[in-house]
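The block underneath contains the structure these notes are about, expressed in structure tokens.
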Amino acid sequence: MSSFTTLITVALGAILVNNFIVAQFLGICPFMGVSKKVETASGMGMAVIFVMGVASAVCWPINKFILEPNNLIFMQTVVFILVIASLVQFIEMFLQKSMPSLYEALGVYLPLITTNCAVLGVVLQNTQNSYDFITSVVYGVTGGIGFLLVIVLFASVRERDEFSECPKAFEGFPIALVEAGLLALAFLGFSGLDIFRFMK
């Protein structure tokens, strides 16, 4: 069983220090594609939190009780992608029925969660780091929270681009890349964070 301190360390690491987008550079496609408005960015972030959390919870027992005992570790990636694809299909049907406006706004990026390397990355890192079930779920959920935090911050900055003047060469995508780089630099400041010092 994981200690409370370990869970806090894993959570803060996933959100701030080893953020999937700005530190590990995973999930860049939806990060750049769905970050023009805060509303769609937050919708995508919530969907990623759900998929990451549930995928971590489902993939851990599959790996522990099916793949490892039967020496099928080489099938991890295929099995994990199938689990993630099923979860995304469920979210897609749910949003289409209950929130059609958000479903339309997310467009092609919603099914792209299936191939979002951040979602696959979290379940693979759970196995590589030998996390237990609770730690895996915490890492999955907080990894999604970190994804949500970064994409919403980035969307709030990009929304202001429409009302700001910038050189012609930087209009559109180039200025977005500059802003993403500055956001990554801001999160780099958390890399020296001593979590245990604040918990004493």
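For the single chain, residues carry numbers from 1 onward in sequence order. Below, all heavy atoms of this structure are taken into account, side chains as well, without hydrogens, waters or symmetry copies.
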Please examine the side chains of [Y] and [X], heavy atoms only from C-beta on, and report whether any two atoms are closer than 4.5 Å.
X: Ile91; Y: Val88; result: no
X: Val83; Y: Leu87; result: yes
X: Asp161; Y: Ile175; result: yes
X: Leu149; Y: Phe187; result: yes
X: Asn63; Y: Ile73; result: yes
X: Val123; Y: Val119; result: no

Measure from the side-chain N and O atoms of Asn18 to the backbone N and O of Ala14, and report whether any donor-acceptor pair falls under 3.5 Å.
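No.
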Verify same cluster id: Leu182, Val157 (apolar side-chain graph, 4.5 Å):
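No.
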State yes or no: do Phe90 and Ile62 share one hydrophobic cluster built from I, L, V, M, F, W and Y residues joined by side-chain heavy-atom distances below 4.5 Å, directly or via other members?
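Yes, one cluster joins them.
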Return the [atom1] to [atom2] distance between [X] and [Y], rounded to the nearest 0.5 Å.
X: Glu92; Y: Lys97; atom1: CD; atom2: NZ; answer: 12.5 Å
X: Leu148; Y: Leu153; atom1: CG; atom2: CG; answer: 9.0 Å
X: Met93; Y: Gln89; atom1: CE; atom2: CD; answer: 5.5 Å
X: Leu188; Y: Leu16; atom1: CG; atom2: CG; answer: 12.5 Å
X: Phe154; Y: Ile21; atom1: CZ; atom2: CD1; answer: 9.5 Å

Please list, chain by chain and in numerical order, all residues satisfying ring pair (Phe, Tyr, Trp, His ring centres under 6.0 Å) with Phe133, sequence neighbours excluded.
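Here the qualifying residues are Trp60.
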Non-neighbouring partners of Phe80 that pass ring pair (Phe, Tyr, Trp, His ring centres under 6.0 Å), sequence neighbours left out:
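With neighbours one apart ignored, the set is empty.
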Give the C-alpha distance, both sets of side-chain angles, the deciding distance and a yes or no for side chain to side chain contact (heavy atoms under 4.5 Å, CB included) between Val78 and Ile81.
CA-CA 5 Å; Val78 176; Ile81 286 175; over 6 Å; no
For [X] and [Y], which heavy atoms make the closest approach, and how far apart are they?
X: Tyr131; Y: Ser136; result: CB-OG, 3.4 Å
X: Asn19; Y: Ile15; result: ND2-O, 3.0 Å
X: Ile66; Y: Asn70; result: O-ND2, 2.7 Å
X: Phe25; Y: Val22; result: CE2-O, 3.7 Å
X: Val138; Y: Ala11; result: CG1-CB, 4.2 Å

For residues 28-57, which side-chain donor-acceptor pairs fall under 3.5 Å, sequence neighbours excluded?
residue : atom : partner : partner atom : Å
Ser35   : OG   : Phe31   : O            : 2.6
Ser35   : OG   : Arg158  : NH1          : 2.9
Thr40   : OG1  : Val34   : O            : 3.4
Thr40   : OG1  : Lys37   : O            : 3.1
Ser42   : OG   : Val38   : O            : 3.0
Ser42   : OG   : Glu39   : O            : 2.8
Ser56   : OG   : Met52   : O            : 2.8
Ser56   : OG   : Asn126  : ND2          : 3.3

